[in-house]
Every structure is written in structure tokens, then in C-alpha cells.
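Written out below as C-alpha cells is the structure these notes cover.
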Amino acid sequence: MEFTLPDIPVQLLDDPLLDDCGLSLSILRTDLVHPVISGNKWFKLKYNLLRARQQGQTTLLSFGGAWSNHLHALAAAGKQYGFSTIGVVRGEIPAPLNACLEDAAKAGMQLVPMDRASYRHKLDAVIENDLRARFGDFYLIPEGGANREGALGCAEIPSLYNEHDYDLVCLACGTGTTLTGLASTSGIPLLGFQVLKGDSYLENQVTAQLLDFGLSSTCEWSINTDFHCGGYAKTSAGLLHFLSEFETRHRVPLEPVYSAKLLFGIYELSKKRDFFPQNCSILVIHGGGLQGLRGFF
Ligand SMILES: *Cc1c(COP(=O)(O)O)cnc(C)c1O
């Protein structure tokens, strides 16, 4: 199985707003890694698929919401690498299918609804056994690709840029798996932007993941919790205004769930003047996931 990466461009933003604050911002365009297996999901799936193949598994099963970037990428990856895929969807499956699930179904993914109460306990043995009774043997990938293999793929992201050019790497965080992977190899500090509400769940989660996955951190990392804009997939007028202004100025596509919150947060913090050190050179990881835009506009 070949997981060859194309050249991933790093785009330096030309922006007087940043010059004023003494910042330089570059974007690692991981959204361009693959037309469908987008952004960090490509990295999270790589070692999961290799492991599944090694174990002789032919079916991959995972979980996600009705607009899950993870299920969307998994369906495409299954098709590309010759696995059957089963997507367990939180709550009801919309009829007709939304654009995300329609893509997944067209890629051959079998979509299975799971009521929200069961979904909260989806990793309990009872539920997993029930899934195995219904669908036979499969390789299970946790929601969001949040396992050791997922983190190991993301640990390769720092090899895509020259660390000497930057002082800080910023990224959007949901499960924190991408941050965990990066933290295990990065030579420069990381700042994660949490896109869900909640005070310190993500910091605890990254700490727990490092331990669970047998990884140790090679850099300083921290998490900002101020820019979730109301919670997961919630938006604010300020966020949407920022998104469209930013896209017009820089021709970098964003979506409201992750990348817009990340950049909005960086621009807001830059206005504080003393948050980032003077002449700080920041690398932003664009996590991809642009398919999710179709759920908003
Ligand atoms: C899934 C996703 C993330 C979150 O990654 P985690 O490893 O779960 O923290 C960030 N950005 C985009 C675009 C995503 O699709």
C-alpha cells in the first residue's frame, strides 16, 4: 500500500494587519494532500490502514456525526486502498443523505445509524460485540481517528516543513490526536486551538493520549480554549465575517468548524500585542475538511 505525499505548499501570508503586530504567518496547506482524503485525516488514516492490511482485515469500521470529515475521508480511503467501510453515524441518518454522507455512500461506505444514547457508549464492549455480531470481523478506528496509529501518522507532519523557519506551530484541535502526534516529534512549541466548549478536557486528553500511546512530548505545547465561538460546529457573526474577509484577501479556503476558528483566534490574539513575541514566525497547519462547508452555506 502506497501512501505517497505530493509536495505540500507552505503559503506565506502577505497581510499588513500581521505586519503591524510584528507577526509572520505561513500556512501549511495540508488541505491539498489529497482531493478527498483531506488534511490531517490522511495522516491519521495512514497507519490505521497499514495495520488493518497487516492484520488481514478487509473491513474498516468507524464512527462520526452526519458531517464527519473523518467518515468522509475514511470512505474515500477505503475505496482507494480496497477495504470495505462501515460508518456508524451518530443519531439519525438524514434522508435524503446530506452531501457528506452521499459522498461516503458513493465511495461504497455502508452507513449505519446509532441512537445518541448508545453512541455515547460506543466503545463499551457490549456495543462493540453487537456491531461484530451484525457486521462480522472488522478493524475498528475510533471516532476522529483518535488512536495511536492516528497520532503516529500526525507525528510525520513536522517533516513537511523546515522547523528553523518558525517559532511556533498553530493548529485546530477536536480530539487532540493531531496535536499529540505533533507533540511527539516537534522541535518547536505548539499552540492548539480547541474548537469545542469545555475548560481543560483537551489538555487532559492530550496528556492522557501521550501516555496511552507510549509517546513523550519533545516540545512545549499548550491549548487555547477561547475561540470555540459557542461550541462544536457553532458559529458567530464575527467568525463568519472573518472567514469571508480572510478568503477574499488571501485566497485560502476555510471552513467554520476548524480552520476559521484557528485563524480567527490567531488574529484576535495578535491584536493583544503582548501575546505572541515580537517578530514571531508562526506556521499554521490547515487541517483540510473543506467538504464540511457544504453543511453551512
Ligand atoms: C478532524 C479535524 C481536526 C481535528 O483534529 P484532532 O486530531 O481530532 O484534534 C482539525 N481540523 C480539521 C479540518 C479536521 O477535519
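The residues of the chain are indexed from 1 along the displayed sequence. Below, all heavy atoms of this structure are taken into account, side chains as well, without hydrogens, waters or symmetry copies. Whatever order the structure lists ligands and atoms in, that order sets their numbers, starting from 1.
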Exercise. Honestly, is Arg148 close enough over Phe213, meaning NZ or CZ under 6.0 Å from the six-membered ring centre and within 45° of the axis?
Worked result: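 Not satisfied by the 6.0 Å and 45° rule.
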
Verify the distance criterion only: is there a donor paired with an acceptor across the side chains of [X] and [Y] at less than 3.5 Å?
| X | Y | result |
| --- | --- | --- |
| Asn40 | Thr178 | yes |
| His286 | Gln11 | no |
| Glu245 | Tyr267 | no |

Is there any protein N/O under 3.5 Å from an N/O of ligand 1, and what does the full list of such pairs look like?
unit_1: ligand 1; atom_1: 5 (O); unit_2: Asn40; atom_2: ND2; d: 3.0
unit_1: ligand 1; atom_1: 7 (O); unit_2: Lys44; atom_2: NZ; d: 2.7
unit_1: ligand 1; atom_1: 7 (O); unit_2: Thr177; atom_2: N; d: 3.3
unit_1: ligand 1; atom_1: 7 (O); unit_2: Thr178; atom_2: N; d: 2.8
unit_1: ligand 1; atom_1: 7 (O); unit_2: Thr178; atom_2: OG1; d: 2.6
unit_1: ligand 1; atom_1: 8 (O); unit_2: Lys44; atom_2: NZ; d: 3.1
unit_1: ligand 1; atom_1: 8 (O); unit_2: Thr175; atom_2: N; d: 2.8
unit_1: ligand 1; atom_1: 8 (O); unit_2: Thr175; atom_2: OG1; d: 2.6
unit_1: ligand 1; atom_1: 9 (O); unit_2: Gly174; atom_2: N; d: 2.8
unit_1: ligand 1; atom_1: 9 (O); unit_2: Thr175; atom_2: N; d: 3.3
unit_1: ligand 1; atom_1: 9 (O); unit_2: Gly176; atom_2: N; d: 2.8
unit_1: ligand 1; atom_1: 15 (O); unit_2: Lys41; atom_2: NZ; d: 2.7
unit_1: ligand 1; atom_1: 15 (O); unit_2: Asn69; atom_2: ND2; d: 2.8

Exercise. Does the pair Lys44/Glu149 count as a salt bridge with the N-to-O cut at 4.0 Å?
Worked result: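 Salt bridge absent between Lys44 and Glu149.
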
Problem set entry | Electrostatic pair Arg251:Glu247 at N-O distance under 4.0 angstrom |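 Salt bridge flag = no for Glu247 with Arg251.
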
